[in-house]
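Presented below is the structure to which this report refers.
What you see is a predicted model; the values in this text were computed from it and never measured. Residue numbers start at 1 and run along the sequence shown.
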Amino acid sequence: MAKDVKPTRKNLMAIEDRIELSERGHDTLEKKRDGLIMEFMDILDQAQDVRSDLNENYDDAQRKLNMARAMEGDVAVRGAAAALKEHPELTTESKNIMGVVVPQIESSKVRKSLDERGYGVLGTSARIDEAAEAYEELLETIILAAEVETAMKKMLDEIETTKRRVNALEFKLLPELKSNQEYIEQKLEEQEREEIFRMKKIKAKKEEEEKAEREAAEEEAEEAEETEETETVPADD
């Protein structure tokens with residue numbers, strides 16, 4: 001790439017400006033990458049807690065559902081589930097974490113009171129109530145897990161993108177620019193040395209010419225003086 005760059009001072013100044021800009025961009029991206037990693041680690045901790053809660057809530061809901069089936073029968077459990085009139089509602093918003101837009105999921109009508117479940121208090125037992133409550137809690141945990149997992153994936157994608165940009169600047173663009181800078185500086189130094197050498201030769205040649213002119217002038221003066229002396233000597237009688 002360096003060979004394609006014309007070794008001029010204008011190009012050298014342009015490359016120096018690009019190097020300065022790229023180094024500032026590199027520093028900014030490094031700070032962003034480090035900040036994203038710190039945010040990601042916080043979300044990762046939260047995700048691990050949510051996963052643990054999700055497993056526990058799932059096991060608890062399954063256990064209580066199996067207990068309700070054993071005590072009340074599948075028909076009663078299915079009838080209680082089919083009696084539900086209002087289903088949970090979800091709304092999504094977004095928040096910005098260091099330039100990364102991550103979702104926020106808001107839920108409503110997940111947890112319900114006994115009279116809101118629709119199956120009636122007299123026709124069911126506490127076992128069905130406990131199973132319904134356990135599954136409501138499980139659903140809330142699933143919603144939270146979806147929010148956290150999505151945020152974690154988006155953060156991870158942004159970290160990888162930022163890392164690629166940092167590496168591209170650090171290991172590709174900046175080395176190429178600095179190589180071009182070094183190439184131009186070397187060429188300009190060579191041109192300067194050649195110019196100095198040329199100027200010295202011109203100066204030396206000029207001095208030689210001036211010296212030759214002085215010597216020629218001196219010789220002409222001497223010859224003229226000798227001629228004058230010869231002409232002024234009187235002839236013998």
Side-chain angles (χ1 to χ4, degrees), residues 25 28-166:
T28 301
L29 286 173
E30 275 194 328
K31 292 177 182 178
K32 179 181 179 181
R33 179 199 60 193
D34 295 342
L36 286 170
I37 291 174
M38 292 179 64
E39 293 288 345
F40 175 78
M41 296 305 296
D42 292 339
I43 295 176
L44 180 60
D45 291 339
Q46 185 180 359
Q48 291 174 340
D49 294 338
V50 171
R51 286 174 184 173
S52 178
D53 293 340
L54 185 62
N55 291 332
E56 292 177 4
N57 292 346
Y58 177 79
D59 292 340
D60 182 57
Q62 283 293 98
R63 184 172 60 254
K64 289 180 178 178
L65 178 63
N66 292 335
M67 183 64 70
R69 283 175 173 173
M71 299 296 293
E72 303 296 328
D74 281 345
V75 175
V77 173
R78 291 179 182 275
L84 183 65
K85 301 299 182 183
E86 292 187 342
H87 297 281
E89 296 179 357
L90 301 179
T91 58
T92 57
E93 296 180 355
S94 61
K95 64 179 179 179
N96 191 303
I97 302 177
M98 296 195 68
V100 183
V101 178
V102 298
Q104 279 187 312
I105 303 176
E106 299 292 337
S107 61
S108 60
K109 301 180 181 179
V110 176
R111 288 186 179 271
K112 297 178 174 61
S113 60
L114 290 176
D115 58 333
E116 290 174 334
R117 288 174 183 155
Y119 51 71
V121 179
L122 299 177
T124 59
S125 68
R127 300 295 182 184
I128 292 180
D129 295 337
E130 290 175 357
E133 184 178 355
Y135 268 90
E136 289 169 356
E137 185 175 357
L138 175 61
L139 180 56
E140 284 188 337
T141 309
I142 290 173
I143 294 170
L144 179 59
E147 176 183 318
V148 173
E149 293 282 348
T150 303
M152 187 169 65
K153 183 178 184 303
K154 285 182 172 291
M155 293 292 290
L156 186 59
D157 290 343
E158 187 65 19
I159 288 171
E160 290 300 321
T161 300
T162 305
K163 284 174 64 177
R164 286 196 297 271
R165 290 174 179 173
V166 169

Handout entry: For Glu158, all residues meeting salt bridge (Lys or Arg N to Asp or Glu O under 4.0 Å), sequence neighbours excluded
Key = Lys32
Exercise for the section: Report the residue from Glu130, Gln62, Glu140 that forms a side chain to side chain donor-acceptor pair (under 3.5 Å) with Tyr135. Expected result: Gln62
Completion exercise
Note: Ile43 and Ala151 closest approach over all heavy atoms is CD1-CB, 4.4 Å
Handout entry: Closest non-hydrogen atom pair between Thr162 and Arg33, with its separation
Key = CG2-CB, 3.8 Å
Exercise for the section: Kindly compute the distance separating CD (Glu136) from OG (Ser107), expressed to the nearest 0.5 Å. Expected result: 11.0 Å
Problem - Straight-line distance of Leu36 CG to Thr161 OG1, nearest 0.5 Å - result: 10.0 Å
Practice task
Sort and list the pairs that fulfil salt bridge (charged side-chain N to carboxylate O under 4.0 Å, His left out) and have at least one residue in residues 61-71, not counting sequence neighbours.
Solution key: Asp60-Arg63, Asp60-Lys64, Arg69-Asp74
Handout entry: Close side-chain approach of Thr92 to Pro103, heavy-atom, < 4.5 Å
Key = no
Practice task
Flag the pair Val101 / Lys154 as yes when at least one side-chain heavy-atom distance between them is below 4.5 Å, and no otherwise.
Solution key: no
Practice task
Could you check if a side-chain atom of Glu137 sits within less than 4.5 angstrom of a side-chain atom of Arg111, using non-hydrogen atoms only?
Solution key: yes
Completion exercise
Distance col, row Arg165:CZ vs Thr28:OG1, nearest 0.5 angstrom, shows 12.5 Å
Handout entry: Check: Ile159 and Lys163 side chains under 4.5 Å, non-hydrogen atoms
Key = yes
Problem - Distance in Å, Glu39 CD paired with Met155 CE, rounded so as to fall on 0.5 Å steps - result: 5.5 Å
Considering only distance and modelled atom types, tabulate donor-acceptor pairs under 3.5 Å from the side chains of residues 48-57, sequence neighbours left out.
| unit_1 | atom_1 | unit_2 | atom_2 | d |
| --- | --- | --- | --- | --- |
| Arg51 | NE | Glu149 | OE2 | 2.7 |
| Arg51 | NH2 | Glu149 | OE1 | 3.2 |
| Arg51 | NH2 | Glu149 | OE2 | 3.0 |
| Asn55 | ND2 | Arg51 | O | 3.3 |
| Asn57 | ND2 | Asp53 | O | 3.3 |
| Asn57 | ND2 | Thr141 | OG1 | 2.6 |

Fill in the blank from the handout: By salt bridge (Lys or Arg N to Asp or Glu O under 4.0 Å), Glu133 pairs with (sequence neighbours left out) none
Practice task
Any chance you could measure Lys95, atom NZ, to Glu93, atom CD, to the nearest 0.5 Å?
Solution key: 11.0 Å
Practice task
Just jot down the salt bridge (Lys or Arg N to Asp or Glu O under 4.0 Å) partners of Asp45, sequence neighbours excluded, or say none.
Solution key: none
Handout entry: Residues forming a salt bridge (Lys or Arg N to Asp or Glu O under 4.0 Å) with Lys31, sequence neighbours excluded
Key = none
